[in-house]
Student: 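Just passing along the structure, written as structure tokens.
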Amino acid sequence: IVNMADMDAETTTHTQPMVEEEEPLFSNLDLFLFSLIVGLVIYWFMSRKKPEPIPEFKKLDTPTLTTRETSFIEKMKKTGKNIIVFYGSQTGTAEEFANRLSKDAQRYGMKGMAADPEEYDMGELSRLSEITNSLAIFCMATYGEGDPTDNAQDFYDWLQENDDEDLSGLTYTVFALGNKTYEHYNAMGKYVDKRLEELGAKRIFDLGLGDDDGNLEEDFISWREQFWPAVCEHFGVEASGDESSIRQYELKEHSDINMNKVYTGEIGRLKSFEVQKPPFDSKNPFLAPVTVNRKLNRGGDRHLMHLELDITGSKIRYESGDHVAVFPTNDSALVNKLGQILGVDLDVVISLNNLDEESNKKHPFPCPTTYRTALTHYLDITHPPRTNVLYELAQYATNSKDQENMRKMASSSPEGKALYQSWVLDSCRNILAILEDMPSLRPPIDHLCELLPRLQARYYSIASSSKVHPNSIHICAVVVEYETKTGRINKGVATNWLKNKLVTDNGHKSTVPMYIRKSQFRLPFKATNPVIMIGPGTGIAPFMGFIQERGWLKEQGKEVGETVLYYGCRHKNEDYLYQEELEESEKNGVLTQLNIAFSRDQEHKVYVQHLLKQNKEDIWKLIHTDNAHIYICGDARNMAKDVQTAFHEIAEELGGMTRTQATDYIKKLMTKGRYSQDVWS
């Protein structure tokens with residue numbers, strides 16, 4: 001286009017003098033010089049502009065490269081793999097399980113690879129039959145209200161949209177990861193399992209259901225123990241009996257390296273914390289300065305806090321109801337203790353390089369880096385380790401009894417499961433506690449770093465409205481700290497890290513690496529719709545944003561429907577969060593009702609569900625007649641269930657329904673987007 005425009009300019013310029021030949025104002029020399037100058041100017045202009053589109057063509061010129069990169073079939077053929085394990089993972093567990101299954105394949109004389117569906121063309125599933133004895137395993141976690149994880153969203157859309165896809169050559173199985181306390185238990189895994197069958201694929205083994213509210217690890221092990229024999233039977237192969245530890249990465253120590261090439265905690269790009277470039281997301285978080293960090297409660301033994309993060313100049317946009325994800329770091333005291341107990345210099349610069357050179361995952365975490373950085377920023381050292389970690393580390397225990405117990409805990413025997421449950425899970429032993437309580441176990445630190453899962457981002461419901469605070473994100477959280485059965489004090493990684501984010505730390509601004517995760521938890525499109533918000537404790541967070549937004553709409557002169565809040569805390573004088581703000585909102589008419597359950601201020605405990613039942617006529621009118629939207633935020637295990645039961649009972653009593661009809665009535669509200677939950681367990 002640029003060139004055509006230039007050509008036009010050239011043509012008009014050259015034809016211009018010819019019109020004026022009858023009455024020459026200039027001599028021929030003048031005209032010649034004039035044309036020459038114009039011609040040179042145009043030539044310079046064209047040659048200056050020409051190189052601009054070249055990068056575009058370069059990008060377009062390499063489709064072969066792109067297809068090879070996104071083709072898992074070509075990669076499997078090239079590397080001799082016959083099993084592919086796709087994972088839909090939000091917090092890293094499904095990815096971890098996928099890696100374990102792909103490693104298992106080797107023990108059965110097969111070759112497996114773990115794969116992120118986001119990185120590949122999933123339309124190639126129909127071609128998997130090109131590979132002999134091929135199998136696709138799907139480890140699919142469910143996130144939020146029955147949603148796919150971020151990295152499986154495109155795969156989910158593809159499954160929904162492609163009705164004419166023929167997957168008759170595909171052999172598959174699914175292991176689903178979920179939590180029974182949630183309404184849509186394992187929805188994503190169940191959907192993938194059912195949908196693949198509908199498209200003609202052959203299920204080789206039954207869908208596995210993992211429940212994180214119970215014992216996810218045990219569910220996975222039990223499923224896996226039965227799954228592999230079924231695979232062997234299907235393909236007519238025998239287990240090689242090779243139960244030895246299989247390393248995935250090899251250690252390289254860097255004695256002479258430019259420290260500018262060493263990762264110091266960045267999630268994605270090297271030096272991304274020094275030179276920040278938008279857009280900001282999970283692979284490129286924004287370092288938001290902390291402008292406010294205050295304790296919210298006036299008494300009691302807990303620490304409830306309100307933080308404000310400054311996002312000025314970041315181009316980050318958020319809406320009320322969204323989540324802010326923050327990347328915490330581990331307590332330096334724990335990291336130092338690990339270094340001491342393993343007798344290691346934590347400041348050695350290392351890389352862990354994948355032994356499979358064709359793998360997309362070159363390192364388990366950003367490398368090169370130091371052990372200190374890896375244990376502080378990249379690895380989860382506070383959760384009780386999963387059984388595969390114990391199994392792999394057992395070989396390093398010099399005491400045969402310790403070795404036997406570690407292997408037993410990783411087995412599927414009832415005795416082993418019980419030992420793992422009591423000694424690791426119930427006792428909340430993290431890797432440091434295990435090393436302290438097993439003096440004979442001193443593994444090489446590089447193998448430990450290979451096995452530990454990645455430290456994950458933590459999500460918080462945003463406690464502000466961008467209409468009122470466009471450059472600030474508010475967090476409301478309670479600091480986690482408890483004593484374990486072994487007498488140790490365990491501290492929540494993220495909440496203790498946030499608690500220590502003082503506004504100025506030794507003259508420096510404290511910053512928090514963060515990004516926004518969009519949510520379905522949204523105020524009604526019509527401001528005139530009434531809203532009923534139920535959020536005890538820190539479940540108040542998103543409703544602070546909702547209340548701010550409804551207040552802002554009122555200030556704009558908009559007609560706003562009833563805004564009703566049911567909030568609960570222990571004692572009015574101790575942990576009534578945001579008391580001044582809430583009472584002010586009630587006084588100026590933004591909150592039309594403020595109902596508070598102080599659970600421990602009287603002999604019998606009073607919770608939000610009791611207040612709902614007390615106000616049942618008003619609640620029923622708002623829901624059934626006035627088209628109110630219901631929002632619930634907080635604890636999934638007890639509160640959300642009890643609140644839902646209260647709504648069932650109100651619908652039964654005042655709507656004249658049976659229990660089944662009442663349950664269906666609330667389910668319909670969920671389907672219509674009028675009953676939303678932002679809950680955690």
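Below, all heavy atoms of this structure are taken into account, side chains as well, without hydrogens, waters or symmetry copies.
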Student: Can Y318 and S464 be counted as having a side-chain donor-acceptor contact under 3.5 angstrom?
Tutor: yes
Student: Between K491 and D331 (salt bridge meaning N to carboxylate O under 4.0 Å), is one present in this structure?
Tutor: no
Student: So which of E436, E481, E483 actually passes salt bridge (Lys or Arg N to Asp or Glu O under 4.0 Å) with R488?
Tutor: E436
Student: Taking atom types as modelled, is there a side-chain donor on H306 or Y578 under 3.5 Å from an acceptor on the other?
Tutor: yes
Student: Quick check on salt bridge (Lys or Arg N to Asp or Glu O under 4.0 Å): which of K103, R100, R247, R386 does E392 satisfy it with?
Tutor: K103
Student: Measuring from S461:OG to W680:CH2, what's the distance to the nearest 0.5 Å?
Tutor: 5.0 Å
Student: Can a side-chain donor-acceptor contact be found between H184 and D147 if the only test is distance below 3.5 angstrom?
Tutor: no
Student: Measuring from T142:OG1 to Y182:OH, what's the distance to the nearest 0.5 Å?
Tutor: 11.5 Å
Student: Any luck finding a side-chain donor-acceptor pair between S272 and N284 under 3.5 Å?
Tutor: no
Student: Should Q340 and N336 be marked as a side-chain hydrogen bond (donor to acceptor under 3.5 Å, both in side chains) after you check the CA-CA gap, both sets of side-chain angles, and the distance that decides it?
Tutor: CA-CA 6 Å; Q340 282 164 8; N336 289 334; over 6 Å; no
Student: Search all heavy atoms of R522 against all heavy atoms of G321 and return the closest pair with its distance.
Tutor: NH1-C, 4.1 Å
Student: Show the numbers, then the answer: is there a side chain to side chain contact (heavy atoms under 4.5 Å, CB included) between M533 and Y566?
Tutor: CA-CA 6 Å; M533 306 174 288; Y566 283 83; over 6 Å; no
Student: Could you label the plane-to-plane angle of the F521 and F546 rings as parallel, tilted or perpendicular, counting under 30° as parallel and over 60° as perpendicular?
Tutor: parallel
Student: Identify the heavy atoms of S585 and I547 that sit nearest to each other, and give their distance.
Tutor: OG-CG2, 3.5 Å
Student: Is there a donor in the side chain of Q456 and an acceptor in the side chain of T91, or the other way round, less than 3.5 Å apart?
Tutor: no
Student: Is a side-chain donor-acceptor pair under 3.5 Å present for H508 with S510?
Tutor: no
Student: Is the Y567-F598 ring centre distance short of 6.0 angstrom?
Tutor: no
Student: Examine the side chains of H363 and N353 and answer whether a donor and an acceptor come within less than 3.5 Å of each other.
Tutor: yes
Student: Would N360 and Y120 count as a side-chain hydrogen bond (donor to acceptor under 3.5 Å, both in side chains) if you check the C-alpha gap in whole Å, the side-chain angles of each, and the deciding distance to 0.1 Å?
Tutor: CA-CA 11 Å; N360 276 15; Y120 294 101; 3.2 Å; yes
Student: Run S676 and H629 through side-chain hydrogen bond (donor to acceptor under 3.5 Å, both in side chains) and show every step you take.
Tutor: CA-CA 8 Å; S676 305; H629 286 232; over 6 Å; no
Student: Side chains of Y459 and D678: is there a donor and an acceptor less than 3.5 Å apart?
Tutor: no
Student: How long is the span from the CZ atom in R550 to the NZ atom in K467, to the nearest 0.5 Å?
Tutor: 13.0 Å
Student: Taking atom types as modelled, find out whether S89 and E95 have a side-chain donor-acceptor pair closer than 3.5 angstrom.
Tutor: no
Student: If you measure only the distance, is there a donor-acceptor pair under 3.5 Å linking the side chains of N354 and S359?
Tutor: yes
Student: Could you go through the ring pair (Phe, Tyr, Trp, His ring centres under 6.0 Å) check for Y87 and F97 one step at a time?
Tutor: CA-CA 8 Å; Y87 56 86; F97 285 1; over 10 Å; no
Student: Between T373 and T370, do the side chains contain an N or O donor and an N or O acceptor separated by less than 3.5 Å?
Tutor: yes
Student: As a test of understanding, state which of D150, D281, D322 forms a side-chain hydrogen bond (donor to acceptor under 3.5 Å, both in side chains) with R517.
Tutor: D150
